[in-house]
Amino acid sequence: MADQKLPTRAEDFSEWYNQIVLRAELADYAPVRGCMIVRPYGWALWENIQQALDRRFKATGHVNAAFPLLIPRSFIEKEQSHVAGFSPELAVVTIGGGEKLEEPLVIRPTSETIIGYAYAKWIQSYRDLPVLINQWNSVVRWELRTKLFLRTLEFFWQEGHTAHATFDEAEAETRQMLEIYADFAINEAAVPVIAGRKSASERFAGADQTYSIEAMMGDGKALQAGTSHNLGQNFAKAFNIRYLDRDGVLQFCWTTSWGLSTRFVGAIIMVHGDDQGLILPPRLAPTQVVIVPIYKTDEEKTQVFDAARKMRDALIAAGVRVRTDEREGTSPGFKFNDWEMRGVPLRIEIGPKDLAKGSVVLARRDKPGKEGKSFQPQQGLPAAVSTILEDIQAALLTRARNFRDANTKEPKNYEEFKAAVETGFAWAFWCGSPDCEAKIKEETKATVRCIPLAQTESSGTCILCGQRSTEKGIFGRAY
RNA sequence: CGGGGCGUAGCGCAGCCUGGUAGCGCACCUGGUUCGGGACCAGGGGGUCGGAGGUUCAAAUCCUCUCGCCCCGACCA
């Protein structure tokens, strides 16, 4: 049993990640380079992410729809910076039904253009606004370097697209969706994120303003976990999305778009996972509780299974996502490790000794070994389990936040800055010039992840050039 | 696309240097003993050695080309 242990995160973070994805059966490699098969367990996690987000979208007035996968190439070319940004990574269909197509079709890398086309047809009057549509789909971007969940040629996401009468409304929408992403990340995924504005160089192709939520992974690197764009009137002008205002004047709409992808699964893995494997936040875990029955004889087995199933049913009735592991031929010890690899937040062990005492053993995934184990009476178990799951959820967030804060420095000078971004984030004033940004990246591999919306000081000097500056950025090496 | 590494059973690898017709561990199947932290014994199934071409009596092994994957860089959610 030599190969049962994962490499530790300290040894090889990248390999640790790859193996968790494969061994927890979240995803597998596809026959096409850079593509991913999302396995049922990974998809179940994604479905829970979808539900948590979709709920929030609906609550803020958005509706879902579906737009086509294939887009006329000319559409992509209508918005200048959009085509410049995306053309290198487009997959293009040139043959259909055995015939060369008159106009090649691109497989959507994102849907601003096709949606712009539709919105232009649908919107006539200010009375038609705002339009608040989201779609759950997959998109294709021909990336050079891929990694399961974090960057694949095809990835699953949601993309929201809205149209408004004024800049202010569009900006409010952009910021609202950013807040929704942050709320989701923190309260559902227990992933602490920093919400902020992107620098010009990191802006979405075709956006006036891009906002993002940024999280710190277990190796100190940053991951952009969701983005929200104020597209200004760029796409409205490219696709002629116009409305007649109250005064009878024809105006261009103001549009937004925002997306969060299966990359977020990668964030959950890298934020919470430990050297035993995955740790899933209870609110998103496909299985929140696993019951492992322990027995020797057939008679014990019957009794233990019976008790385990009753317990399972009581937990289901209490709204807990629970399953019993009734596999034959594997030892309890194996099952413990197996479910720890898969990140199940709470394990219930039940055996003959527990039946005799009317108790069970609970083992928390977030606290390895004895420390996380406790005896619990079978009476009132569902309530106790719910409480513990909430406690785990909170503990994961606290731990992740502490880790991030411990690895976030406020360097006084450029030397300290360089040291800080070796291991984590640096929170530093930046003059805003692309030159300084580029030079910092060249010298340290770190980039401005975002300029946080929550600023703590009103002015200082740029960490590189020393010019007066009014905003601090979060710098770090990014995935 | 540049640099590096690797393709041999589902997974991890040995064999290759020095050609002789494929092996180990894990996993899988069967039976038995086990079972409160990754069990053990016995038996068994599974391979176009990434692909194509070449050299040779004979190629996993030598030569040429090719495809793919992983890691590191440049670009990105």
Side-chain angles (χ1 to χ4, degrees), chain A residues 1-6 12-15 17-19 22-23 28-35 84-90 109-110 138-159 181 198 201-205 210 212-215 222-229 257-267 276-277 292-298 300-301 304 327-341 347-357 359-361 363 368-370 372-373 375 441-442 445 447 477-479:
Chain A
M1 297 266 169
D3 63 345
Q4 293 193 337
K5 282 219 158 41
L6 284 171
D12 188 344
F13 194 83
S14 178
E15 187 53 25
Y17 175 87
N18 288 337
Q19 291 205 19
L22 296 174
R23 289 167 68 174
D28 204 347
Y29 292 102
V32 176
R33 177 194 74 85
C35 290
F86 279 110
S87 57
E89 48 186 45
L90 290 179
T110 178
S138 68
V139 292
V140 168
R141 299 179 187 176
W142 216 262
E143 301 290 348
L144 300 177
R145 220 178 121 197
T146 60
K147 198 171 176 73
L148 293 171
F149 287 113
L150 296 182
R151 185 175 299 107
T152 46
L153 297 200
E154 180 190 16
F155 60 88
F156 298 86
W157 73 343
Q158 57 68 218
E159 45 176 326
Y181 287 152
K198 282 295 199 182
S201 70
E202 302 241 339
R203 213 170 270 161
F204 174 76
T210 287
S212 71
I213 52 170
E214 302 283 335
L223 186 76
Q224 177 173 308
T227 49
S228 186
H229 316 290
S257 69
W258 26 276
L260 185 147
S261 75
T262 37
R263 162 178 275 194
F264 205 95
V265 172
Q276 295 301 312
V292 177
I294 296 156
Y295 53 87
K296 287 192 178 69
T297 65
D298 279 351
E300 284 174 352
K301 180 181 163 184
V304 169
R327 281 179 293 180
E328 309 257 0
T330 44
S331 66
F334 178 88
K335 291 175 180 177
F336 296 169
N337 285 285
D338 195 41
W339 291 110
E340 280 167 13
M341 171 67 68
R347 178 178 71 241
I348 298 177
E349 304 169 15
I350 178 163
K353 293 178 201 166
D354 301 296
L355 292 186
K357 288 189 293 184
S359 64
V360 292
V361 173
K370 273 222 158 79
K373 286 209 180 192
F375 288 99
K441 182 172 185 183
E442 194 186 317
K445 296 181 194 158
T447 49
R477 293 177 179 170
Y479 272 94

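Because only heavy atoms are used, hydrogens play no part in the values below, and waters and symmetry mates are left out as well, while side chains stay in. Numbered from 1 within each chain, the chains take letters A, B, ... in sequence-line order.
For B/A60 and B/U18, the C1' atoms lie 15 Å apart once the distance is rounded to whole Å. Spacing between B/U56 and B/G20 at atom C1', rounded to whole Å, works out to 12 Å. Annotation: B/C6 and B/C16 have their C1' atoms spaced 15 Å apart (nearest Å). A distance of about 15 Å separates the P atoms of B/A9 and B/G15, rounded to the whole Å. Taking the C1' atoms as reference points, B/A22 lies 8 Å from B/C49, given to the whole Å. Across B/A27 and B/C40, the matching P atoms stand 8 Å from one another, rounded to whole Å. For the C1' atoms, the distance from B/U8 to B/G23 is 10 Å, rounded to whole Å. Taking the C1' atoms as reference points, B/C65 lies 33 Å from B/C24, given to the whole Å.
In this model, the phosphate group of B/A39 is approached by a side-chain N or O of A/Ser331 to a distance below 4.0 Å at OP1 or OP2. The side chain of A/Lys441 places an N or O atom within less than 4.0 Å of a non-bridging phosphate oxygen (OP1 or OP2) of B/C75. Contact annotation: A/Lys335 side-chain N/O to B/C35 OP1/OP2 distance is not under 4.0 Å.
Distance from the side chain of A/Glu340 is smallest to B/G37 among B/C76, B/G37, B/C72. Closest contact between the side chain of A/Asn18 and the listed nucleotides B/G37, B/C76, B/C71 involves B/C71. The side chain of A/Asp354 lies closest to B/G36 when the candidates are B/C76, B/G36, B/C71. Of the candidate nucleotides B/C72, B/C76, B/G36, B/C72 has the atom lying nearest to any side-chain atom of A/Ser14. The side chain of A/Lys353 sits closest to B/G36 out of B/G36, B/A39, B/C72.
Between A/Glu15 and A/Gly351, the residue anchored closer to the 5' end of RNA chain B is A/Gly351, taking for each the nucleotide with the nearest heavy atom.
In this entry B/U18 has no Watson-Crick or G-U wobble partner, no candidate having both defining distances under 3.5 Å. When both pairing distances are held under 3.5 Å, B/G37 makes no Watson-Crick or G-U pair with any nucleotide shown. B/G73 is paired with B/C1 under the criterion used here, namely a Watson-Crick or G-U wobble arrangement in which both key atom distances are under 3.5 Å. Pairing of B/G10, defined by two Watson-Crick or G-U wobble distances under 3.5 Å, is identified with B/C26. Using Watson-Crick or G-U wobble geometry with both donor-acceptor distances under 3.5 Å, B/U61 finds no partner in any strand shown.
In this structure, A/Asp298 places its CG atom 14 Å from C1' of B/G32, rounding to the nearest Å. For A/Arg327 and B/A27, the CZ to P distance is 13 Å, given to the nearest whole Å.
Note: A/Phe149 and A/Phe156 fail the aromatic proximity criterion, with ring centroids not under 6.0 Å apart.
Using a 4.0 Å heavy-atom distance criterion, A/Pro352 is classed as a base contact. Base contact: A/Leu150 has a heavy atom under 4.0 Å from a base atom. Looking at heavy-atom distances under 4.0 Å, A/Glu143 makes contact with a base. Within the 4.0 angstrom heavy-atom criterion, base atoms lie near A/Val361. A/Thr152 comes within 4.0 angstrom of a nucleotide base, judged by non-hydrogen atoms across all strands. When heavy atoms are screened at a 4.0 angstrom cut-off, A/Lys301 is found touching no nucleic acid atom at all. Residue contacts for A/Arg347: at a heavy-atom cut-off of 4.0 Å it reaches a base atom on one of the strands shown.
The base of B/G38 does not come close enough to the side chain of A/Asp338 for any donor and acceptor atom to sit less than 3.5 Å apart. The base of B/G36 does not come close enough to the side chain of A/Lys296 for any donor and acceptor atom to sit less than 3.5 Å apart.
A cation-pi arrangement is present between A/Lys357 and A/Phe375 under the rule of less than 6.0 angstrom and at most 45 degrees off the ring axis.
In this structure, CZ on A/Arg203 lies 13.5 Å from OG1 on A/Thr227, to the nearest 0.5 angstrom.
For the pair A/Glu328 and A/Lys301, the salt-bridge criterion is met [side-chain N within less than 4.0 Å of a carboxylate O].
With A/Thr210 contributing its side chain and A/Phe204 its backbone, the two residues share a donor-acceptor pair below 3.5 Å. Under a 3.5 Å cut-off, the side chain of A/Tyr181 and the backbone N or O of A/Gly259 do form a donor-acceptor pair. No donor-acceptor distance shorter than 3.5 angstrom exists from the side chain of A/Gln276 to the backbone of A/Asn337, with no hydrogens or angles considered.
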